[in-house]
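Whatever order the structure lists them in is the order used to number ligands and atoms, beginning at 1.
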Amino acid sequence: MNYKFFMKTIFYVGVLALFAVGCGQTPQSKTATLRDALKDKFYIGTALSVSQFSGIDTLSERVAKENFSAIVPENCMKSMFLQPKEGEFFFDEADKYVAWGEANNMWITGHCLVWHSQAPDWLFVDENGNNVSPEILTERLKNHITTVVSRYKGRIKGWDVVNEAILDDGSWRNSKLYEILGEEFIPLAFQFAHEADPDVELYYNDYSMALPAKCATVVELVKKLKERGLRIDAVGMQGHIGMDYPTLEAFENSLLSLASTGVKVMITELDLTVLPSPNPNMGAAVETNFDYQKELNPYAEGLPDSVSQAWDSRMGEFFALFLKHSDKITRVTLWGVCDKDSWRNDWPVPGRTDYALLFDRQGNPKPVVQTIINKTKE
Ligand code: G3I
């Protein structure tokens, strides 16, 4: 190669590289984010706490804006916050959440209309503390659901209507809701939500859905709702998983069973804990807690490379499964933005250091994020 030709080649390569940078396409495609890469597959969501949409936690806010296409409120739309006293609604935070979602072009989900946990005490009892009648509870549920769903009509695109009504063995949870209304509280909730906003998507949401007995009852529930002509668009498999539970196979079997009823599946609360559990395979039964012990918090100073690689690899396998079934899955939502935000740091043992999410404590993507982006091109 003569010198002139060599210099000319260098010049043109340089011009081309500058052009690519100018167009925002660096050779490593640095601009590809999860949000962009997954846009033809499913929404990729995150749960937001109040501080993240109120200008307080600007680190996680930035990560959420840049990487996610869907949001769900971690706590502020639960009934104990929205209606702390009968007839007295508090919408300040929920309003901010919805406005933030609109300003950032997110698919906005509401969470959750009916749940035995984080419900205000007054909901189930009379002034003497006795259970109210089925008629009164029905009226209270109708009023709560109608008021909340109507307020965000056309803005919130989907609601977790009922959360966690089935136990891990497939039996019904003996909550106040069930005690007073039996199974009927579920169809009623779906009916009231649909009447308040006929266009909004409606979901049933639960944890440990890879357990066959639990999944079988949810499948029956979906069929019963459909037989009665009620709207249900999707089932949420929460996805609070660990390093050794559930198996991918069990998760996939449940996903397929749920999808076979004709509804879509959503992974609604994904996180992967690396910490030892005092009681294996616990899903997310928030009522079960254990005291802090140092030996239950082994990675307070950081995660060894081997554990971090194992975490990455397992999270990557789950995303490969989600991509394989992207025709059945409409949304995959992480339960939090960065590791520091995860409820896993405080459950089932308070005050631990977990590494459960896709972004680390400084807001950097973990290696699996690039793996997921690459997998979308396969
Ligand atoms: O509101 C009080 C506040 O007044 C007080 O100062 C503070 C002190 O700890 O506590 C606040 O309440 C906390 C609440 O979140 C709101 O921040 C509770 O202690 C805490 O236990 C509660 O945890 C939430 C949990 O639901 C409650 O059941 C988690 O943040 C939230 O991630 C978790 O989310 C649930 C889903 O909704 C349903 N599926 C399971 C999932 C994980 O448990």
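Remark: Tyr204 pairs with no residue by the ring pair (Phe, Tyr, Trp, His ring centres under 6.0 Å) rule, at least two apart or across chains. With sequence neighbours left out, the side chain to side chain contact (heavy atoms under 4.5 Å, CB included) criterion links Arg62 to Leu59, Glu66.
Aromatic rings from His111 and Trp335 are positioned such that their centres are separated by under 6.0 Å.
Members clustered with Tyr203: Tyr43, Trp107, Met266, by chain and number, using a 4.5 Å side-chain heavy-atom cutoff among hydrophobic residues.
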Give me the pairs of N or O atoms, one from ligand 1 and one from the protein, that sit under 3.5 Å apart.
from, atom 1, to, atom 2, distance (Å)
ligand 1, 26 (O), Lys78, NZ, 3.1
ligand 1, 28 (O), Gln118, OE1, 3.4
ligand 1, 30 (O), Glu74, OE2, 3.2
ligand 1, 30 (O), Asn75, ND2, 3.0
ligand 1, 32 (O), Glu74, OE2, 2.5
ligand 1, 32 (O), Trp335, NE1, 2.9
ligand 1, 34 (O), Lys78, NZ, 3.4
ligand 1, 34 (O), Trp335, NE1, 3.3
ligand 1, 37 (O), Lys78, NZ, 2.7
ligand 1, 37 (O), His111, NE2, 2.7
ligand 1, 39 (N), Glu164, OE2, 2.7
ligand 1, 39 (N), Gln238, OE1, 3.2
ligand 1, 39 (N), Gln238, NE2, 3.4
ligand 1, 39 (N), Glu269, OE1, 2.7
ligand 1, 39 (N), Glu269, OE2, 3.3

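Under the 4.5 Å side-chain heavy-atom criterion for Ile, Leu, Val, Met, Phe, Trp and Tyr, Val63 and Ile56 are members of distinct hydrophobic clusters.
Phe318 and Phe322 have tilted rings, their planes meeting at an angle from 30° to 60° on a 0 to 90° scale.
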